[in-house]
Amino acid sequence: MGKSKTTKFKRPQFNSVGLPVTVVKEGDGEEEEHGDDSCPAAELLEKLQSPSADVREFACASISRVVQQSQTIPGFLQRDAVRRLGPMLLDRSLAVRETATGALRNLSACGGQEVCEDMVKHDIMTPLTALLRECCAGFESAIVSMKDQSNAVEDVANEAVHLLWNLCESSSQALSVFNKSGLLDVVVQCLEKHPHNLELAISAAHCLHTVTEDNPELLCSMNTAVLGALENVLLSSQPGVTQTLLRTLAAGTLWNMKSSLPAARQAETVNAVVATLSQCLDLDAGMLIPELRQAEELRHRNAPAVSDIEGQAPEELKRNGKAAKVDNDFSDLLPRGKEELREATALLTAQQTSLEIIVNMCYPSDDEWEEESSSDESDMGPDGLCDGVSNLMSPLCLSAEVHGALINHSIPQKVLKKTEFPKKETVNLCHQNPSWRGLIKKMERVQSRALTCLHSILSTMDAESLGGATALQEAAQHLSSMVFGAPDEEFLEAVISAMRSLLQMIASKNIPQCMTPQQLMSLSETATRCDVVSVRVNAVAILGITGSTLAKEKGTAETLQMIGNALLQVATKDPELVVNGEALDALFDVFADGEEAETAAKNISLLPALKALQPVFKTKIRKEGKGKYSPQQLCVLDNIRVNLRRFIGYLEKVLKK
């Protein structure tokens, strides 16, 4: 029906229903039974007014821990927690500032978008902006000379920048305040601390990656200092996967800012960005994650027993401000005692982000999302029908700089490699430890992003860029094996979309199919049972691609009958109009020409079936089309309606022979 539209990746939003957090202590389970009466919010918020800095610090640290149980958040919000915690950001005690900011940070992360918007509504941005400015002004005066000794001002800044990131990610009002308050320079100052404070720099890089996305107002205020700071990070050579994440985020930010780059530096910057992404994708998570897990076990064997977080003193709670047993994707909520797990999470986050950036590079502007009908009048053959295989995936226009950089750094081959499922040994290793189990979902997400990235690359490059005919055939076999074991619908959507693009390229280059028709039929039948419309659309498109290729070969009539019956079933029975249209479009392609196609069409009574379907399809467009589909989709569907009439006329002519 048209070009398969891949969604450009946005930064992930926070879970609007809060995080699933393991109960931290036995007594907490009882609190739920007693309801609001036993909620700790009232007592803890009252302690914020204590004249003792230690008591205020303990209260903030306790709030930071408690709000990770999402059911407690309403109790805090009802008691005006944001307004009461706000002044604590500018408390006389640095320790109170840090724990108060950490409490608000966890509240924003665990409460989701609604809580973030509520925090901005209660003017949390005013004290937060003041705190960030004070932190940056105090960086130089708070320099710590002793090795490994923490800089308290930078610890506060880290919590503050992370809170700012959460708010800007979830609230357009917070982003507007960011633009108008000149906070860009403040966050860049935090980024520049990367040589000695990587944690602060990572928070700043995440924040910059978020605020520069689709934000033309901010891009207007970019200056050479900002670009210079990002390029310094990009060109840094410190080892380690966390450094890789930092460079990846800087690369993503530079790509977001591409319109602000001086013309003379664009090619050089694009090459540096792609080189960074390439280096990130070179890392083998299947090898590094077991090494990190082994390092953790070794450290535990050699270290004295460490008490649970509940046994920590208030000072230690202040340092973490988070529960030890959180099992979700928020790696920033992991306590500092799990450094290897944080490293593994950083690795997978970096690779997922790299793949998302490459997808966005392939689709640099909304103007290139235009869907094209494979049944366009200009493509009509002498019989008024589409000639040959429909143009399902017209290549998009990549700039010469981006195309060249992607090829020079072997990005297509590296993306293809990432579509392979992580090693079974690595998955089993993570599954054995509850703390590491969450990495399995992250590994699957990297694979899913790689599949989406492959789909984008197939839409923008030629067969030779992907390694030639043999590589494409092997990739087709590899992708087909994933369809049947897809862990969820999102993954299945990514696989089937990449599969469609790949088979279209194979067909257009007259490369022999490496899969049997029965394999492809089984694959498509599995996908057409999926609830996701785009999966069903791509499944019938795959049948169309396969059938149109087979129609050119001798002795394929029986297989074409099987494909034709399957497509007729979808065209008549699927509840979604766009899926019906795609199935009809595929039928036009399969039975457009050739003796084998004519024989198969007669055997399955294709002509009477389409005649019966014609008025039903026309009525369905009239009744369901308007209001449900975009003008572009309606145009494509109307083209299919016209082509259906013409195709029936074509069949009447050829089947009379």
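Computed from a predicted structure; not experimentally measured.
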Is the backbone N or O of [Y] less than 3.5 Å from a side-chain atom of [X], with the two atoms forming a donor-acceptor pair by type?
| X | Y | answer |
| --- | --- | --- |
| Arg79 | Gly75 | yes |
| Asn106 | Gln68 | no |
| Asn158 | Glu154 | no |
| Thr345 | Leu341 | yes |
| His122 | Asp118 | yes |
| Ser176 | Ser172 | no |
| Ser171 | Cys116 | no |
| Arg56 | Lys47 | no |
| Ser354 | Ala350 | yes |
| Ser181 | Leu183 | no |

- [ ] From the options Leu163, Val187, Ile202, Leu249, select the one residue that forms a side-chain contact (heavy atoms from CB on, under 4.5 Å) with Cys207.
- [x] Val187
Open item on the list: Does His196, at its NE2 atom, have more than 12 non-hydrogen atoms belonging to other residues, nucleotides or ligands within less than 6.0 Å?
Closed with: yes
Below 4.5 Å, heavy atoms only, C-beta onward: do [X] and [Y] meet side chain to side chain?
| X | Y | answer |
| --- | --- | --- |
| Val161 | Gln189 | no |
| Met443 | Val446 | no |
| His206 | Leu245 | yes |
| Leu198 | Gln238 | no |
| Leu48 | Cys60 | yes |
| Val226 | Met257 | yes |
| Leu429 | Gln432 | yes |
| Lys441 | Asp488 | yes |

So, taking the atom named [atom1] in [X] and the one named [atom2] in [Y], what distance separates them when rounded to the nearest 0.5 Å?
| X | Y | atom1 | atom2 | result |
| --- | --- | --- | --- | --- |
| Cys110 | Gln71 | SG | CD | 11.0 Å |
| Lys418 | Ile358 | NZ | CD1 | 11.0 Å |
| Glu57 | Leu94 | CD | CG | 10.5 Å |
| Leu128 | Leu167 | CG | CG | 6.5 Å |

TODO: Scan side-chain atoms only and decide if Glu493 and Ser534 contain a donor-acceptor pair under the 3.5 Å cut-off.
DONE: yes
Open item on the list: Does either side chain, that of Asn179 or that of Asn215, offer a donor lying less than 3.5 Å from an acceptor on the other one?
Closed with: yes
Task: Basic-acidic side-chain contact under 4.0 Å: Arg299, Glu340 - done: yes
Open item on the list: Taking Glu490 first and then Arg449, would you say they form a salt bridge - that is, a charged N and a carboxylate O separated by under 4.0 Å?
Closed with: yes
With a 3.5 Å cut-off and sequence neighbours excluded, list the donor-acceptor pairs that the side chains of residues 287-294 form with protein atoms.
from: Arg293; atom 1: NH1; to: Glu296; atom 2: OE1; distance (Å): 2.7
from: Arg293; atom 1: NH2; to: Glu297; atom 2: OE2; distance (Å): 3.4

Task: Residue list, side-chain contact (heavy atoms from CB on, under 4.5 Å) with Glu425, at least two apart or on another chain - done: Lys423
- [ ] State which residues pass side-chain contact (heavy atoms from CB on, under 4.5 Å) with Glu46; sequence neighbours excluded, sorted by chain then number.
- [x] Arg84
